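Just the heavy atoms: all of them, side chains too, but no hydrogens, waters or symmetry mates, feed the values below. Keep in mind that this is a model prediction, so the values were computed, not measured.
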Amino acid sequence: MRTYSALLAFRRLVATACGISKTGIRVTPIVTSNQAQTVGEDAYFITLSNTTSGFDICGVADGVGGWREVNVNPARFSRGLIDECARLAQAGKVTRPSELIKAAYEKVIHPTLNCYGGSTICLLSLDRAEGILHTANLGDSGFMLLRNGRVLAKSSELQHYFNCPYQLTNPPPNTPSTNLILDSPSSAELTSLEVSNGDIVVMATDGFFDNVYKEEVSLLMSGLKDHSESSLTSACAAAVRLAYAYSHDQHYQSPFAKKISPKTIGGKPDDITVVMAAVCGHG
């Protein structure tokens, strides 16, 4: 765990991430990664500052599976977006999530990169000096902010219609425009939230939120022993295991099934990625 000797009031994130693909390939929890990590067609990154006035930035993206129908690998576009976000965050020149999404998108759609497909994306950035958490969410990935076991804030699920999320898209040349979803980075939902020591952020792709109710997330987080990296890593892995078990339980009424109809049951198999962070610091 990083420690600082500065006397000024500031906040920081202690963060970790874990995931499991829909095929059951588990990704070992990672505390910090300045490059994109992939979980099936999901991708994520964590970049933590080493100064009291810096920014701690995390993000997840989920490649839209429908692109497989035209022989486009959905993982490539989500990985490209998150890789570029991580690079920009590490450089420290772009710190607001909305600006990161815009800059990363403009980079990956450059024709010379041949990076095609579509992806949802959710980013957060903690301004250490101000204690403000800035977020941007486009699609059905998202985040929850919890304080003392209570959900303080939750991102909206942005969809054009059921199971068709807002998404950033870069279609291959000569792709028919019929039914193409072409959302802009400006379509992202933006929030700025003042955070306190002990607040918990759970950010995840839809593979998690489609299978786990927010009440269960609150219950899981209330069992945290402390806000150390080891405790967060254990909780993050437990959250992923829970979501994976639910996703393959055909006798469980998942949040996704409930949206279809009150009588529909079953989990939703999908790639599952969770980034978990605790707000710590001084002042």
Side-chain angles (χ1 to χ4, degrees), residues 17 19-25 27 35-45 59-87 97 100-123 136-142 155-189 203-211 243-244 247 256 259-260 267-275:
I20 188 167
S21 72
K22 69 185 74 170
T23 58
I25 300 175
V27 174
Q35 292 185 329
Q37 303 296 311
T38 56
V39 181
E41 293 164 4
D42 292 353
Y44 71 89
F45 79 100
V60 298
D62 178 9
V64 177
W67 284 98
R68 286 190 299 271
E69 298 174 7
V70 290
N71 298 316
V72 172
N73 180 4
R76 187 170 181 211
F77 193 70
S78 58
R79 171 69 185 253
L81 274 176
I82 288 296
D83 230 352
E84 186 61 22
C85 285
R87 186 189 69 80
L100 275 170
I101 291 176
K102 182 176 184 294
Y105 178 62
E106 290 175 351
K107 173 72 174 183
V108 299
I109 65 173
H110 194 279
T112 60
L113 295 181
N114 296 316
C115 188
Y116 303 117
S119 180
T120 67
I121 188 167
C122 182
L123 300 184
N137 182 57
L138 192 149
D140 54 7
S141 295
S155 57
S156 302
E157 189 176 37
L158 302 181
Q159 299 192 78
H160 293 282
Y161 49 86
F162 179 68
N163 208 29
C164 180
Y166 282 33
Q167 55 199 264
L168 298 178
T169 304
N170 187 31
N174 303 317
T175 301
S177 60
T178 307
N179 298 325
L180 270 182
I181 305 296
L182 298 170
D183 293 309
S184 163
S186 63
S187 299
E189 176 188 66
M203 181 168 58
T205 55
D206 67 325
F208 180 76
F209 289 120
D210 279 344
N211 288 294
Y244 184 76
S247 73
F256 183 81
K259 291 171 187 173
I260 297 174
K268 181 198 173 194
D270 200 353
D271 301 319
I272 298 164
T273 302
V274 177
V275 174

Engineer: Specify the closest pair of heavy atoms between Asn211 and Ala243, including all atoms of both residues, with the distance to one decimal.
Structural biologist: CB-O, 3.9 Å

Engineer: Grab the two heavy atoms, one from Tyr105 and one from Pro185, that are nearest each other, plus how far apart they are.
Structural biologist: CD2-CG, 3.6 Å

Engineer: So, does Ser184 use its side chain to make a donor-acceptor pair with the main chain of Ser186 at under 3.5 Å?
Structural biologist: yes

Engineer: If you compare all heavy atoms of Leu158 against all heavy atoms of Asn137, which two are closest, and at what distance to 0.1 Å?
Structural biologist: CD1-O, 3.4 Å

Engineer: Working to the nearest 0.5 angstrom, can you tell me the gap between Ile101 CD1 and Ile121 CD1?
Structural biologist: 4.5 Å

Engineer: With rounding to the nearest 0.5 angstrom, report the CG to CD distance, Leu180 to Gln167.
Structural biologist: 9.0 Å

Engineer: As an exercise, state the distance from CZ of Arg76 to CG of Leu81, rounded to the nearest 0.5 Å.
Structural biologist: 12.0 Å

Engineer: Using the rule given for side chain to side chain contact (heavy atoms under 4.5 Å, CB included), can you reason through Asp210 versus Glu157, listing the C-alpha separation, both sets of side-chain angles and the distance that settles it, and then say yes or no?
Structural biologist: CA-CA 11 Å; Asp210 279 344; Glu157 189 176 37; 4.1 Å; yes

Engineer: Could you tell me the separation between the CG atom of Asp140 and the CZ atom of Phe256, rounded to the nearest 0.5 Å?
Structural biologist: 9.0 Å

Engineer: Show the nearest heavy-atom pair for residues Ser21 and Tyr244, with the distance to one decimal.
Structural biologist: O-CE1, 3.7 Å

Engineer: Applying side chain to side chain contact (heavy atoms under 4.5 Å, CB included) to Phe77 and Leu168, what does each step give before you reach the verdict?
Structural biologist: CA-CA 9 Å; Phe77 193 70; Leu168 298 178; 4.2 Å; yes

Engineer: Quick one: are Val72 and Pro172 in side-chain contact, heavy atoms under 4.5 Å?
Structural biologist: yes

Engineer: Closer than 3.5 angstrom, by distance alone: can the side chain of Asn170 be matched with the main-chain N or O of Cys115 as a donor-acceptor pair?
Structural biologist: yes

Engineer: Rounded to the nearest 0.5 Å, what separates atom CG in Asp62 from atom CG in Asp206?
Structural biologist: 5.0 Å

Engineer: For a side chain to side chain contact (heavy atoms under 4.5 Å, CB included) check, start with the C-alpha distance between Thr205 and Tyr44, then their side-chain angles and the critical distance, and finish with the verdict.
Structural biologist: CA-CA 9 Å; Thr205 55; Tyr44 71 89; over 6 Å; no

Engineer: Identify the heavy atoms of Ser155 and Gly142 that sit nearest to each other, and give their distance.
Structural biologist: OG-CA, 3.1 Å

Engineer: To the closest 0.5 Å, what do you measure between CD1 (Ile260) and NZ (Lys268)?
Structural biologist: 9.5 Å

Engineer: Work out which heavy atom in Ile82 is nearest to a heavy atom in Phe45; give both atom names and the distance.
Structural biologist: CG2-CD2, 3.6 Å

Engineer: Relative to each other, are the rings of His160 and Tyr166 parallel, tilted or perpendicular (30° and 60° limits)?
Structural biologist: parallel

Engineer: Is it the case that more than 12 heavy atoms not belonging to Lys102 sit under 6.0 Å from its NZ atom?
Structural biologist: no

Engineer: Quick one: does any side-chain atom of Ser141 pair with a main-chain N or O of Thr120 as donor and acceptor, under 3.5 Å?
Structural biologist: no

Engineer: Hey, is the main chain of Ser156 close enough, under 3.5 Å, to the side chain of Glu189 for a donor-acceptor pair?
Structural biologist: yes

Engineer: Given 3.5 Å as the limit, does a donor-acceptor pair link the side chain of Ser78 with the main chain of Glu41, or not?
Structural biologist: yes

Engineer: Around Asn114, counting heavy atoms of other residues, nucleotides and ligands shown, do more than 12 lie under 6.0 Å from its CG?
Structural biologist: yes

